[in-house]
Amino acid sequence: MPAEYLPLLVFPERRILQPEKGKGFPPGTQSLPSHGAQTVRIGRQIEQLEQDFARYQASLTGALAGLEPEMVLVIEIVGLLDDFKQAVEAAGLEWLGETEIDDLEAEDEGFYKIDNALERTVKPLSGRMFLAMSNMAGMQEILSLWEQWKAHKSLPHGKTKWKAIFEQLNVLRRWGIEETLVETGMIDLWQDLLDPINPDEKITFQIELFYRKNSEIRRKNENIIRSLLKSLGGRELSYFLDIPEIAFHAAKAELPAHAIQSLLDQVVAEGKDVDIELFKFAGIMYFRPTGQSLTVSEDGEGEPAIYPQGISDLPPVAALLDGAPLQLHRALEDRLLMDDAFGLEASYQPGERKHGTAMASLILHGDRSNPESEPLRRKLYCIPVMQPNHQTREHDEHMPDDIFFEDRIHIAIRRMFEGSGEVPPQAPTVKVINLSIGDPAREFIHAPSPWARLLDWLAYRYRILFCISAGNYCDEINIGFNQQQFAALSHNDKIKATVKAISQSLSSRRLLSPAEAMNAITVGAAHADDSGDAYQQYGQRVDVFPSHALFSPASRLGFGFRRSIKPDIFMPGGRQLYNAPMLNSATLYSIDHSIGAPGQKVALDSQQQGVLSNEAFWRGTSNATALATRGAVQLYDMLDRLRTEEGEDIPETLISVLIKALLVHGAKQNDTGKQHIEQALKDTRNSRQFKQVITRYLGYGTVDIERVLTCTAQRATVLGCGEIRENEVHEYAFPIPPGFSSQKIWRRLVVTLAWLTPINPNHRNLREAKLTVSPGGENWSKQILRLERQDGEWRQVERGTVQHEVLESKKQIQAFEDGETLRLRVTCKKDATDHLDAVIPYGLAVTLEAKEDIPIYQQVRAHIKPQVRIAPGIDR
């Protein structure tokens, strides 16, 4: 072990305190439309709803004839309203869920909030959308309550909440074609697909149902859908997948093209109702694409290479769920623990094991261009979950049309930790799982996907950390300059032009599912690698970001759920070059797919049988995620060393959440990168919220893994971890080095809290537990170190399951006595639940550093781990 090795420290204890009574904020005045205005406006909507219900009931034929008609109601509320679920169920409706509305357009200008009665600060009210299943009896009950409210009558006992509902009601309507087919993109997709096409050709898709609490209703809906498909000449391709823990009920199906064309003809015909029973069945929530490619690999053979000898001899702590890696490749030989649970390896031909091979190579070896990167000593556990699609030119790996990736992932994780049948748990030592895959047909918009919800649930259930790629954006970039004009720009002006161009396409650069998962670490690609600058000597390829300080121009960007910070972190993903336009009038730059430098050097499967040592240069968020997983393994080994060599008490059940905290703890937004974004995008409209703008492009920053593996003389990191319950407060005392007393020096404090939360899939907030960390009794700027937040906006850092505070100052520190501490309080509150019964695992990392020659580590360690005094006369 090197002489300069200074291990991380661990808080010796914590205090459990009673929560402080919150001071709260003075409530603003909520302005709502008048009773008369609501009576007129909502009356029209209710009249329309009655007509829709009657028309729908009269149109039921075939498989739906004779069934009790049901309709899903969309109930849009403006402003604050509690206990809505109870009010809905009291009226005889079945609660289906709720979401927040980011871009609410109120039907009446009377909805607004006065924040300050003196200054009359007026803000639009936020909104929420509720979904409820109603039969005829439920509709009649709502109509009765409406008539009573309209006549200023008192509402019946148990239903008085409907008074507030009608006062704050913005929209009341039925769930229809707009949501099931238009917003999911299926109408546009099918229009493109059906021109031209054989009318008898089969079109595959996915049906997602509203999740009904009653299992008999779920089975009945399955039979109805089978019958409706059959009536149109179609069929279900798969079993119906039913996962109650994430409220997911779905099937894969196919229909002949002429049935889809009939639907399109009706949708396009203005004012014509859809009379195809399948597409108006109230039990269906969404139609979505299926059979999409999940990974895209570059084409080429690469070059032969020599790899380090030796084998991985320690049990795995990382798992790779991907395509099948080439086990016999020299980079991977004797380093993998393969578990072909789905029998997919046999479907591969030579040259097709590309993505899994590259990801395994990066996890085990890192960027092979870096001569200091050594192979991990631990095996990598691999379950192939994808297979080559031999219907495409490149045979990219995918999930087949009749398979749910939610099901394969669920089976794979359960097999690892619980086993299956007589098969025992296959990888119970795993703490982190790499998912360098995503669904290009499902960008994140508003609500987390079933896949993301599944990962959140699995993460808490098994206390594991998922590292997920943000996804790649492979479309052209319109930079606004032709090749000659762009080449004449300075580096700064090139970066400015590209940042502006990317800012114009943010809506199409959203995260790919399941990257929005809250319990996971989502990884974006930084525009960096170790391949050198030789690539500049040839070709029409252009570096549109001539800087290592920024995100990759091919990386997808945030935000995450509830505008949380996503991607959480960035890791090097290789410099992505673009092909310059050839025409002088053209300004579109297309992504370069070559396997030459720059990029990260990875192992590559060759189409030539027996060629087992080739490698090539790859780029993207998949690479960045694999490097994050590699870093997680290094963090595990560091934590394990603290337990075995330093005697620290770090429970095995809290290792994964500590790794999660430490991965983010090593992140810092690059100052140069922030300057580039400010120069390109900052203006008077966004200047007050510009920290949020920056986090959309940089997340919490790019990770320097070395900063969290060891300490230095001027940098001390102390760890804490535990399990916390609702309304508990855990307090940790971080010793402030006495050398700081009366000093006017630059110092930085980094505090990272990470946790795993259970989820409530029917609640708009999803996460059941909200944890926060703060200095006890005061804010950061008022405690003794007088620090100011550098990265992130204070509300945004509390919206996910990681709170990462980077604080700095150069202000004078007041004099203090030796023994002064910074008291950090971890608080647990309920979020998407009425009562939080679960215990919440968390990890805490705190780092203090300074540039001046103050022995920070020595002075912090002296208080964290005081020397044991030896009594006289006792032998050592």
Side-chain angles (χ1 to χ4, degrees), residues 5-11 317-318 363 366 376 378 430-434 459 463-468 519-523 565 567-571 624-646 648-669 699-712 715-722 732 734 748-756 771 773 791-792 797 800-806 824 826 841-849 857 860 864:
Y5 171 71
L6 297 176
L8 273 63
L9 304 167
V10 178
F11 286 109
V317 297
I363 293 170
L376 299 178
R378 293 188 176 275
V430 162
K431 302 298 178 188
V432 59
I433 298 175
N434 191 99
R463 296 203 176 186
I464 49 175
L465 174 63
F466 288 98
C467 287
I468 307 175
N519 277 331
I521 291 293
T522 303
V523 187
I565 294 177
D568 301 88
I569 60 174
F570 283 74
M571 295 289 285
T625 306
L627 291 183
T629 299
R630 174 179 171 84
V633 177
Q634 294 171 314
L635 287 168
Y636 179 92
D637 287 339
M638 178 273 292
L639 293 170
D640 194 48
R641 189 188 311 162
L642 290 183
R643 295 192 296 181
T644 57
E645 297 182 8
E646 302 295 323
E648 301 291 3
D649 180 18
I650 302 175
E652 187 72 18
T653 55
L654 297 177
I655 288 282
S656 61
V657 77
L658 260 179
I659 291 172
K660 178 178 178 179
L662 284 166
L663 270 177
V664 181
H665 196 64
K668 174 74 176 71
Q669 292 178 353
Y700 280 123
T702 302
V703 175
D704 180 355
I705 199 69
E706 295 300 324
R707 286 181 57 86
V708 285
L709 291 174
T710 63
C711 299
T712 68
R715 186 183 75 236
T717 299
V718 187
L719 305 179
C721 59
Y732 294 86
F734 186 93
R748 175 187 291 154
L749 180 74
V750 182
V751 181
T752 309
L753 173 69
W755 67 98
L756 299 174
L771 271 61
V773 59
D791 300 343
V797 300
T801 58
V802 179
Q803 180 184 347
H804 181 59
E805 305 280 3
V806 179
L824 296 164
V826 177
Y842 70 87
L844 176 69
V846 185
T847 294
L848 181 64
E849 63 180 312
Y857 183 84
V860 171
I864 293 288

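We're numbering straight along the sequence, starting at 1.
For Asp640, the salt bridge (charged side-chain N to carboxylate O under 4.0 Å, His left out) partners two or more places apart in sequence, or in a different chain, are Arg643. Applying the side chain to side chain donor-acceptor pair (under 3.5 Å) rule to Glu805 yields the partners Arg789, Gln803; only residues at least two apart in sequence or on another chain are considered. Residues passing the side chain to side chain donor-acceptor pair (under 3.5 Å) test with Thr522 are Lys566, sequence neighbours excluded. Every residue was checked against the side chain to side chain donor-acceptor pair (under 3.5 Å) condition with Tyr700, not counting sequence neighbours, and none meets it. For the side chain to side chain donor-acceptor pair (under 3.5 Å) test, residues two or more places apart in sequence or in another chain that qualify with Arg463 are Glu723.
A heavy-atom distance below 4.5 Å is not found between the side chains of Asn519 and Phe466. Using a 4.5 Å heavy-atom cutoff, the side chains of Leu719 and Leu642 are in contact. Val432 has its side chain out of reach of Lys660: every pair of non-hydrogen atoms, C-beta onward, lies at least 4.5 Å apart. Thr717 has its side chain out of reach of Val708: every pair of non-hydrogen atoms, C-beta onward, lies at least 4.5 Å apart. Using a 4.5 Å heavy-atom cutoff, the side chains of Cys721 and Trp755 are not in contact.
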Exercise for the section: Using the side chain to side chain contact (heavy atoms under 4.5 Å, CB included) rule, take Leu6 and Thr710 through it: C-alpha gap first, then chi angles, then the decisive distance, then the call. Expected result: CA-CA 6 Å; Leu6 297 176; Thr710 63; 5.7 Å; no
Practice task
Take Arg707 and Thr712 through the side chain to side chain contact (heavy atoms under 4.5 Å, CB included) test and state the conclusion after the steps.
Solution key: CA-CA 9 Å; Arg707 286 181 57 86; Thr712 68; over 6 Å; no
Practice task
Check the pair Ile659, Leu639 against side chain to side chain contact (heavy atoms under 4.5 Å, CB included), reporting the backbone distance first and the verdict last.
Solution key: CA-CA 9 Å; Ile659 291 172; Leu639 293 170; 4.0 Å; yes
Exercise for the section: Decide yes or no on side chain to side chain contact (heavy atoms under 4.5 Å, CB included) for Leu663 and Cys467, but give the supporting numbers first. Expected result: CA-CA 10 Å; Leu663 270 177; Cys467 287; 4.2 Å; yes
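Distance check, rounded to the nearest 0.5 Å: CD1 of Ile521 to CG of Leu465 gives 6.0 Å. Note that OG1 of Thr801 is 15.5 Å distant from OH of Tyr842, once rounded to the nearest 0.5 Å. Atom NZ of Lys431 sits about 11.5 Å away from atom CG of Leu658, to the nearest 0.5 Å. Here CD of Glu849 is found 9.5 Å from CG of Leu749. Values are rounded to the nearest 0.5 Å. How far CG of Leu8 is from CD1 of Ile864: 11.5 Å, rounded to the nearest 0.5 Å. The CZ atom of Arg641 lies 4.0 Å from the OH atom of Tyr5; values are rounded to the nearest 0.5 Å.
Residue Tyr732 is tested with Val826, Val846, Val773 for a side chain to side chain contact (heavy atoms under 4.5 Å, CB included); the sole match is Val826. Results of the side chain to side chain donor-acceptor pair (under 3.5 Å) test with Thr847 over Arg715, His665, Arg748 single out His665 as the only residue that passes. Of the candidates Leu635, Leu627, Leu662, Ile705 forms a side chain to side chain contact (heavy atoms under 4.5 Å, CB included) with just one, namely Leu635.
Closest approach of Pro7 and Cys711 over heavy atoms only: O-SG, 3.8 Å. Between Ile468 and Ala520, the shortest heavy-atom distance links the atoms CD1-CB, 3.5 Å. Between Val657 and Pro841 the shortest heavy-atom distance is CG2-O, 3.8 Å. Pairing each heavy atom of Thr625 with each of Asn434, the nearest pair is O-OD1, 3.2 Å. Looking at every heavy atom in both residues, Val860 comes nearest to Val718 through CG1-CG2, 4.0 Å.
Using cut-offs of 30° and 60° on the angle between ring planes, the pair Phe11 and Phe734 is perpendicular.
Listed by first and then second residue, the salt bridge (Lys or Arg N to Asp or Glu O under 4.0 Å) pairs that reach into residues 626-639 are Arg378-Asp637, sequence neighbours excluded.
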